[in-house]
Amino acid sequence: MDRYIAVGTLDYRTYKGDMGLHLLRMDGNGKLKMCHSSYDGLNATYVISGLKNGHAYAVSERLDEVQIAHYRLDEESERLCLCSKMKYGSAGGVHIALSPGGGYVLVPCWKSADVIACALDECGDMKGLSNTLKMPEGAGARMRQTQPNPHQIVFDKSGTYFAVPDLGADRLHIIRWNEEDGSMERVRTNQADPGDGPRHGVFHPVHDWFYLFAELECAVYFYEFHGPDPMSVRRQKIELIPRSFWDTYEGPEIQGAEIKVSADGRFLFASLRGYFTEQGYDRIIRLDIDSGTGTLSNPVSFSSGGHCPRAFEFTPDNRYIVVCNQGDGEVVSLEYNSALGEIGGVCDTVTVQEASSLAFLN
């Protein structure tokens, strides 16, 4: 069946532009088609699907405000229709998540160093700001790590807690969530190694395991969670780039980007920006997940099909991986063998300048 994909974009040079929110259609053979582009005055850095089929939310990453927009897919005209948008007083909204009950959207804001929760009405439109949670003061070991920088929100399976990687202060915060009133309480903070810059994370689909991707160190942490107020215990840190590589490397900074676990829980995938294959493309690294202990091993490198793979997603049928190669201004579909955990060749490519995120809508 054909599937629709919303693709967000990021003007990271000025944070003032509008590169558009784009609607793609993908057929059963991995072919991509641009259907429609919406320009609604947003720097739509991150997009997610809504609780209702065909609905989407995008956050606009500006340095002086946060805007959240609600869209609805019109399949007949193959357009994303803007339902509503609302401004908030925080700044630097870099990610957006839907609460497990579907009553709120939450946004981590790196510039204002807080997390905001915004209530939704019965139509899915924003009602207003419900709560704000300020991150504790702190900074990291590198020059760019001058303040707390909450970068993502990841809910656990229970929907009672969510994790917030803090790229600016080298921390992982665990937040208790209340779906009834949108309140948030920080219950635990784990310290990553100095200068690692935690960016994104993912919970295992079956076990109480959490994998944290450090953008600046290109390493993955493995944590176990225990108890009603989750005791997060660090079990492992594995570097994705061999130490021998750094001995002679003198190029620009290599950064980690996205991290995902396969639907069957056997493999972890993480994308790197600036660590090129022999063919000159960026890489997606696969790691095996031990089914008994959760530990990671056996890193294997695959091509991302382009440059700067800022985001990627598995298709719902697990036959393809779709990648936002921001450096090329392209969205690429890659073959995926779920039985072996192997990423294959490029199926199709479509131009989307500064592609930064994607979400399947149906």
* **Check: F312 ring centre within less than 6.0 Å of F269 ring centre** =>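 No, the ring centres sit 6.0 Å or more apart.
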* Asked: So, do F225 and F203 have ring centers that fall under 6.0 Å from each other?
  ->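 Yes, ring centres under 6.0 Å apart.
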Going by ring-ring contact (aromatic ring centres under 6.0 Å, His included), name the residues that satisfy it together with [X], two or more places apart in sequence or in a different chain.
X	result
Y320	none
H151	none
Y71	none

Are [X] and [Y] connected in the hydrophobic side-chain network, where two residues link if heavy atoms are under 4.5 Å apart?
X	Y	value
V187	F210	yes
V261	I259	yes
V346	Y336	yes
V94	F213	no
L24	Y4	no

* Do I254 and F245 have side chains that get closer than 4.5 Å, going by heavy atoms? ->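 A side-chain contact under 4.5 Å exists here.
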* Does some side-chain heavy atom of T45 sit less than 4.5 Å from a side-chain heavy atom of T9? ->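 The answer is no, as the side chains (C-beta and beyond) never meet within the 4.5 Å cut-off.
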To the nearest 0.5 Å, how far apart are [atom1] in [X] and [atom2] in [Y]?
X	Y	atom1	atom2	value
E278	S301	CD	OG	7.5 Å
I284	K260	CD1	NZ	11.5 Å
R188	L172	CZ	CG	11.0 Å
S304	E258	OG	CD	13.0 Å
S37	L21	OG	CG	8.5 Å
I175	M184	CD1	CE	8.0 Å

Specify the closest pair of heavy atoms between [X] and [Y], including all atoms of both residues, with the distance to one decimal.
X	Y	answer
G30	S333	O-OG, 2.6 Å
L167	Q145	O-NE2, 2.8 Å
S183	D181	OG-OD1, 2.7 Å
C218	G256	SG-N, 3.8 Å
P165	G201	CG-N, 4.2 Å
A192	P198	CB-CG, 3.8 Å

Answer yes or no: are there more than 12 heavy-atom neighbours, outside [X] itself, under 6.0 Å from its atom [atom1]?
X	atom1	value
Q279	CD	yes
K134	NZ	yes
R79	CZ	no

* Does any donor atom in the side chain of Y221 or D196 lie under 3.5 Å from an acceptor atom in the other side chain? ->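 Yes.
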* Between S84 and D125, do the side chains contain an N or O donor and an N or O acceptor separated by less than 3.5 Å? ->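 There is such a pair (donor and acceptor under 3.5 Å, judged by atom type) between the side chains of S84 and D125.
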* **Qualifying side chain to side chain donor-acceptor pair (under 3.5 Å) pairs, either residue in residues 91-112, two or more places apart** =>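 Applying side chain to side chain donor-acceptor pair (under 3.5 Å) to every pair that reaches into residues 91-112, excluding sequence neighbours, yields E61-W110, S99-E179, S112-D114.
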* Angle class for the Y249/W246 ring planes (parallel below 30°, perpendicular above 60°, tilted otherwise)? ->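 Rings of Y249 and W246: perpendicular, as their planes differ by over 60°.
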* Asked: Under 30°, 30 to 60°, or over 60°: which ring-plane class applies to W209 and Y211, parallel, tilted or perpendicular?
  ->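 Correct class here is perpendicular.
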* With N325 as reference, evaluate T349, V352, V332 under the side-chain contact (heavy atoms from CB on, under 4.5 Å) test and give the passing residue. =>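 The side-chain contact (heavy atoms from CB on, under 4.5 Å) with N325 is passed solely by V332 among T349, V352, V332.
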* Taking NZ, NE, NH1 and NH2 as the nitrogens, is one of them in K237 or D193 under 4.0 Å from a carboxylate oxygen of the other? ->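 A salt bridge links K237 with D193.
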* Asked: Between E215 and R273, is the closest basic N to carboxylate O distance under 4.0 Å?
  ->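 Looking at E215 together with R273, the answer is yes, because their closest N to O distance falls below 4.0 Å.
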* **side-chain contact (heavy atoms from CB on, under 4.5 Å) assessment of E239 paired with E217** => CA-CA 8 Å; E239 297 179 0; E217 183 65 12; 3.4 Å; yes
* To do: Applying side-chain contact (heavy atoms from CB on, under 4.5 Å), name anything that partners M1, two or more places apart in sequence or on another chain.
  =>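 In terms of side-chain contact (heavy atoms from CB on, under 4.5 Å), with neighbours along the sequence ignored, M1 is linked to R3, N362.
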* Working for side-chain contact (heavy atoms from CB on, under 4.5 Å), residues F267 and D288 -> CA-CA 5 Å; F267 305 109; D288 296 340; 3.4 Å; yes
* **Steps toward side-chain contact (heavy atoms from CB on, under 4.5 Å) verdict (L287, L240)** => CA-CA 9 Å; L287 295 162; L240 301 189; 3.7 Å; yes
* To do: Under the salt bridge (Lys or Arg N to Asp or Glu O under 4.0 Å) rule, what do K16 and E65 come out as? Steps first, then yes or no, please.
  => CA-CA 11 Å; K16 297 178 180 179; E65 66 178 18; over 6 Å; no
* Supply the members, apart from I116, of the Ile/Leu/Val/Met/Phe/Trp/Tyr cluster built from side-chain contacts under 4.5 Å; use none for a lone residue. =>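 Direct or chained contacts put I116 with Y46, I48, L51, Y57, V59, V66, I68, M86, Y88, I96, L98, V105, V107, L120, M126, L129.
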